[in-house]
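Below, all heavy atoms of this structure are taken into account, side chains as well, without hydrogens, waters or symmetry copies.
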Amino acid sequence: MVRVKLYSKEGCWLCDMALDMLNGQKEKYGILLERIDIGSGGELYELYRFDVPVLEFADGSTLNGHIKKKALLGKLESNREKIHREERE
């Protein structure tokens with residue numbers, strides 16, 4: 001499972017591309033996506049308006065702008081939550 005926040009705005013084709021890439025990997029990585037619309041004002045808009053899309057991962061790292069598939073796959077792999085199993089006796 002990988003938790004990802006996608007900061008995006010309406011009419012952003014790069015945001016749509018990032019969403020498509022995430023959806024293409026959803027089954028493999030069990031992506032839990034939180035999509036956040038930065039709107040046209042406020043703190044998030046000021047923070048991300050020139051950088052969208054911004055993908056934020058559980059480890060605090062980000063990818064933004066024109067996101068390359070290879071970079072995305074690397075972040076998904078490094079942020080994959082390990083499922084711990086109890087050792088059998």
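- Side-chain contacts under 4.5 Å among hydrophobic residues (ILVMFWY), followed directly or transitively, place Trp13 together with Leu14, Met17.
- Screening Leu47, Leu44, Val54, Asp51 for a side-chain contact (heavy atoms from CB on, under 4.5 Å) involving Ile38 leaves a single residue, Leu44.
- Residues passing the salt bridge (Lys or Arg N to Asp or Glu O under 4.0 Å) test with Glu46 are Arg49, sequence neighbours excluded.
- Applying the side-chain hydrogen bond (donor to acceptor under 3.5 Å, both in side chains) definition to pairs two or more places apart or across chains, those involving residues 2-11 are Arg3-Glu81, Tyr7-Glu56, Ser8-Arg35.
- Grouping Ile, Leu, Val, Met, Phe, Trp and Tyr residues whose side-chain heavy atoms lie under 4.5 Å apart, directly or via other members, places Leu63 in a hydrophobic cluster with Val2, Val4, Leu6, Leu19, Met21, Leu22, Tyr29, Ile31, Leu33, Leu55, Phe57, Ile67, Leu72, Leu73, Leu76.
- Residues satisfying the side-chain hydrogen bond (donor to acceptor under 3.5 Å, both in side chains) test with Ser61, not counting sequence neighbours, are Asp59, Lys75.
- The nearest pair of heavy atoms linking Lys28 to Arg80 is O-NH2, 3.1 Å.
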